[in-house]
Amino acid sequence: MGVGADRAARHGLGETSRMSRAVCMGMIIVQSMWAFRWQQALVLATMAIGSFGLAAIMFLGEGALRNLWMDLDTLMGSRMDVYPAPGLGDKLLQKRPLVHFNIQDLEYVREHAKKASYIAPMFYHRSRISLHDIATVAHVDGIDEPMMKETAYTQYMGSGFTQEGLAGDRMECLLTRSMAERLHAAAEPLPRVAVGAYPCQVVGIIPDPPGADEPLRERVAIPYRWARLLWGGGDDIGAIIVSWRSPEEMEAVVESVRRALDEVRAPGAYQLTSSRFAVRKRKEIVSNIMLAGSAQSLFSILIASIGVLNVMLANVTRRSREFAIRVAVGAEPSDLALIVLMESVALSLIGGLVGLFLAVAGAPLIIQALATRIPEASNITPVITMGGVVAPLAVCVICGALAGAIPAMRARRLDVLAALRAE
Amino acid sequence: MTGQAPLVELVDIHKSVGSGDRTVEILKGVSLTVNAGESIAVTGPSGSGKSTLMHVMGLLTPATVGHVRVAGERVGQDRRKAIGMRRMFGFIFQDAKLIGGLSALQNVQAPLMHIGVWPHRQKKLATQALEAVGMGHRLGHHPSQLSGGESMRVAIARALVANPSILLADEPTGSLDSVNGRIISDLLFGMVGLSTALVLVTHQPDLALLADRIAHIVDGTMVEG
């Protein structure tokens, strides 16, 4: 630049600087891109397709993942059920060959899992439920007081257990919506039903367990104390319910419960039914779908890059006369390389931006199209994240730079005389 | 001569192209001096090496043997120096060689862009140069919309816009009719002044006669000049 600047100043062309040279280079690139816009539209289109795919996958994937967390909150709550199991562990270790948990197990777990929101006993039982001439066999949950705060047991009709009921002095129950419909019990005043041989006042209607199969939607909940009186023997309890305050604490709580049970019973002598496993599984599925989609999009960007490479190589060949003229009027070979490289990057970036814009605008349409075949897809709301915006653009720019490198080198080594002579 | 160093000095220039058995020697020991403010016509039959001589002189290609001095400074293998010095030359080619996708104004701006002149200054200088060659009314026209004579005038404006010390014109009237040829030759010789020299490659004797000196090349060798 030194020689050019000196010369410019000497010849009354005005002051030049790195900045003015950068501005001029930008002008040359814009001029060239505009002059060859139709040839370069192909590059732009291929990059736009790749970027669209990648961005759409990321936006929809993020939406699906967020839905997954929301679903899990609804479905699983923030709790884990621990069942006793006559597993391999107790057979090998001969520690506690018991099928049931007991009060000591519960207290031991409570003592060792301090981070838990609550640790409560629970009974599950199948019993005959009847009202007048309608009868069925259903699951009856004996739930302890802390569990009453859970969404699953929040009644939308009736008043819930009374203090007498919770104390086991009065027989009260809650029916799920499906159970209430079957017994025609969903009407004020709420009736009395029979749980087994015992008459029981219905004090509320609660929602069906979300996501449960039809037979499991008909359930009855009774206070734990009464359930224990009905089905418990001695110190036995049915299951242990462990709850945590936030998803971040889940892992720690689950591990502490597992360690406590390993000690007090034996490894494998219990079963954990935790949302953690469902989370992992579903997250894995969504992640795999995202991965497959991203791989396909990356592949299409790579193919687009080969297209960019070809178009830019063809451009260099087609424009060799122009480049030779530019050299004759004062361009440096490195200017030519920079023009080609920057054009390739700029085209890829513009293509990436076009694809990104299409992905933002088109994601709801993709969901609509998906929903015609997969109805659950209509629940997904695309989420535009920083990663979803930056990643496709970064991939396009990197691919554009790589694809422009070889043509740029070719432009730099241009045989000026041959190019000037050629027509 | 004023004792000042010549603008360009070609010293025993040999130029070969190709390699091995296919090597062709185009220039065979040509020496030529160009002083400020003079015009030189380089004549000779087709294939004698006139254009190659112009390309070597304009530092578009290096000599195989011999060397070029520009303003007293020897141009060796330093590419950057050669590129910087190349900007002392203004090239005019036989078929104008305008850049197709650019307008007349943009074509004339091109040399200024590569020097790094600020855009507002570029536009002013390019417009002035086009007006100087009578093309002020065709600023936005593209080469495909210009006649041969108009294209050549734009090419002259492009060669002049960065105030070169030497104009190198390679058969600028070769493809023009006599009227346009006359206009172009008047323009070119009108540009020669105290600080600008003209080296004109031509095989038209009447055009060569307008120059201060004639250098005649035959088969890569200077026979007169």
Side-chain angles (χ1 to χ4, degrees), chain A residues 1-39 318-319 321-336 338-339 412 414-423, chain B residues 15 17 26 51-52 54-56 58-61 78-103 106-125 142 155 158-159 161-165 168 170 195:
Chain A
M1 187 57 217
V3 179
D6 291 350
R7 195 182 122 56
R10 266 204 317 272
H11 290 258
L13 303 177
E15 290 297 317
T16 62
S17 62
R18 278 180 194 279
M19 178 63 84
S20 69
R21 192 165 155 71
V23 169
C24 289
M25 194 49 74
M27 283 177 66
I28 293 168
I29 290 163
V30 171
Q31 271 183 0
S32 299
M33 284 173 67
W34 182 250
F36 296 93
R37 57 193 175 278
W38 299 117
Q39 292 94 318
R318 189 168 36 237
R319 292 168 63 186
R321 179 177 173 274
E322 175 207 330
F323 289 155
I325 295 168
R326 286 192 181 278
V327 170
V329 300
E332 299 179 20
S334 58
D335 288 350
L336 304 182
L338 195 63
I339 290 170
R412 193 186 164 92
L414 180 75
D415 182 345
V416 177
L417 291 191
L420 281 174
R421 287 193 181 114
E423 277 307 315
Chain B
K15 178 67 181 177
V17 293
I26 300 172
S51 296
T52 305
M54 194 186 85
H55 293 147
V56 172
L59 306 176
L60 284 178
T61 186
D78 186 345
R79 272 165 53 93
R80 201 158 176 79
K81 189 192 252 183
I83 290 163
M85 289 185 163
R86 192 189 296 153
R87 289 176 177 162
M88 293 179 69
F89 299 89
F91 287 91
I92 300 162
F93 300 100
Q94 182 179 2
D95 54 353
K97 290 201 182 341
L98 300 180
I99 299 173
L102 305 185
S103 66
Q106 288 169 332
N107 265 286
V108 178
Q109 279 180 282
L112 302 174
M113 281 189 181
H114 288 290
I115 294 170
V117 176
W118 284 104
H120 64 280
R121 185 101 182 115
Q122 275 176 32
K123 196 169 179 183
K124 188 179 170 192
L125 292 169
H142 283 68
R158 183 178 65 188
V161 72
N163 293 330
S165 301
L168 298 178
D170 189 1
S195 58

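Labels below follow one simple rule: chain letters A, B, ... track the order of the sequence lines, proteins then strands, and each chain is numbered from 1.
- A 4.5 Å side-chain heavy-atom check between B:Arg87 and A:Glu332 finds at least one atom pair inside the cut-off.
- If you measure heavy-atom distances from B:Leu168 to chain A, you find no contacts under 4.5 Å at all.
- Contacts of A:Val23 with chain B are made by side-chain atoms alone, with heavy-atom separations under 4.5 Å and no backbone atom involved.
- Within the 3.5 Å criterion, the main-chain N or O of B:His114 finds a donor-acceptor partner in the side chain of A:Arg21.
- When the salt bridge (Lys or Arg N to Asp or Glu O under 4.0 Å) test is applied to A:Arg326, the partners found at least two apart in sequence or on another chain are A:Glu322.
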Query raised in the report: Passes side chain to side chain contact (heavy atoms under 4.5 Å, CB included), B:Gln109 versus B:Leu102? Steps please.
Result: CA-CA 10 Å; B:Gln109 279 180 282; B:Leu102 305 185; over 6 Å; no
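- Only the side chain of B:Gln122 comes within contact range of chain A, judged by heavy atoms closer than 4.5 Å.
- Among the candidates A:Met25, A:Arg319, A:Gln31, A:Met19, the residue making the largest number of heavy-atom pairs closer than 4.5 Å to chain B is A:Gln31.
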